[in-house]
A.B. asks: 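There's a structure below that I have some questions on.
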Amino acid sequence: MPSGESGHALKVESWGDPSILVTEFPDIEDFHGQLIETVLRLEQDPEFTRHFDGHVGESKVYHVERWDCPAARLIDARAKALFTSALKKENAVVDLSWASVYRAGNYCLPHSHFRSAASLVYFLDLGDEEAGGRFLFTDPRLKICCRHEPGRMTYPVGPQVRPGILMMFPAQCVHMVTPYHGTRPRITMSWNIDDKALPGNPLPN
Ligand SMILES: [Fe+2]
């Protein structure tokens, strides 16, 4: 189980489907400020960042493991710990990791992730309240998306999330982010993790 500095195991629960796992860290006051500052600073650094036209958020800041930031090392270790403990794997090899920054008008169309077995998303800052930016699953392979008839995806669904929640799901699960309308940046972090190194380039074109 992933643990905080206290060493106590954290509760990991499924949400909506046995393959979707959620845990929550109680110590976000200790490191979120540093982590948010680092994401917004590195967003200006072309070595780490690619900018988009808003269809997958405004910016992605890649390679969490290379950020010179203790808070980033902490959450990176927690993501890998959730993978190894919950999936009973000996190794957690990060194929690609990044932060996503959403500003007003940004959204993300339904998609799945490349290559890896598992994807993880950490909710760092949800931005302004009641401003959209909902993370939702849209996959007919998930029963939770097919409440009226098996295999017929009728409505997107997702958990209520807060800053400090880390969620893991099979990387092939289709998901999306609804349009965000707030003024404060909405920031999430993501990892694609497998139990072995994968050949080829993990960065999308
Ligand atoms: Fe995604």
Side-chain angles (χ1 to χ4, degrees), residues 14-17 19-24 35-36 39 42-43 48-65 67 72 75-76 78-80 82-83 86-87 92-127 131-142 144-145 153 155-182 185-194 198 200-205:
S14 61
W15 180 89
D17 187 273
S19 68
I20 300 171
L21 299 175
V22 176
T23 191
E24 181 169 11
L35 201 47
I36 291 167
V39 171
L42 293 181
E43 192 190 11
F48 291 96
T49 299
R50 284 169 63 184
H51 298 285
F52 298 89
D53 63 4
H55 67 290
V56 288
E58 185 163 299
S59 312
K60 293 197 183 301
V61 184
Y62 288 101
H63 309 308
V64 176
E65 71 284 358
W67 301 356
I75 195 62
D76 195 61
R78 287 176 170 182
K80 289 189 275 191
L82 179 60
F83 177 88
L87 299 183
V93 181
V94 176
D95 194 46
L96 187 64
S97 58
W98 65 94
S100 299
V101 183
Y102 285 69
R103 294 189 174 82
N106 296 165
Y107 60 94
C108 192
L109 291 171
H111 66 284
S112 62
H113 288 189
F114 301 98
R115 296 158 51 96
S116 298
S119 291
L120 294 86
V121 59
Y122 183 66
F123 297 91
L124 179 59
D125 189 334
L126 298 182
R134 282 282 314 274
F135 179 101
L136 299 170
F137 290 102
T138 57
D139 193 315
R141 294 166 293 189
L142 294 172
I144 192 75
C145 293
M153 204 229 73
Y155 302 108
V157 292
Q160 285 292 336
V161 296
R162 296 176 291 280
I165 284 182
L166 177 65
M167 180 166 59
M168 179 167 68
F169 53 93
Q172 69 270 23
C173 277
V174 181
H175 57 281
M176 62 175 286
V177 178
T178 64
Y180 178 63
H181 302 295
R186 173 195 180 276
I187 306 172
T188 56
M189 298 176 70
S190 298
W191 294 259
N192 288 337
I193 301 182
D194 209 291
L198 301 170
N201 182 4
L203 274 169
N205 293 326

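Order of listing sets the numbers, starting from 1, for every ligand and every atom in it.
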A.B. asks: Within the 4.5 Å heavy-atom criterion, are Gln160 and Arg134 side-chain neighbours or not?
C.D. replies: yes
A.B. asks: Is it true that, when you exclude Tyr155 itself, more than 12 heavy atoms of the residues, nucleotides or ligands shown sit nearer than 6.0 Å to its OH?
C.D. replies: no
A.B. asks: Name all residues meeting the side-chain contact (heavy atoms from CB on, under 4.5 Å) criterion together with Ala131; count only those two or more places apart in sequence or in a different chain, and write none if there are none.
C.D. replies: Asp128, Tyr180
A.B. asks: Anything protein N/O/S under 2.8 Å from the Fe ion (ligand 1)? Just list residue and atom, please.
C.D. replies: His111 NE2, His113 NE2, His175 NE2
A.B. asks: Check whether any side-chain heavy atom of Leu21 lies under 4.5 Å from a side-chain heavy atom of Phe83, and answer yes or no.
C.D. replies: no
A.B. asks: Is Phe135 close to Val161 at the side-chain level, that is, under 4.5 Å between some pair of heavy atoms?
C.D. replies: no
A.B. asks: Answer whether the closest heavy-atom distance between the side chains of Val56 and His111 falls below 4.5 Å.
C.D. replies: no
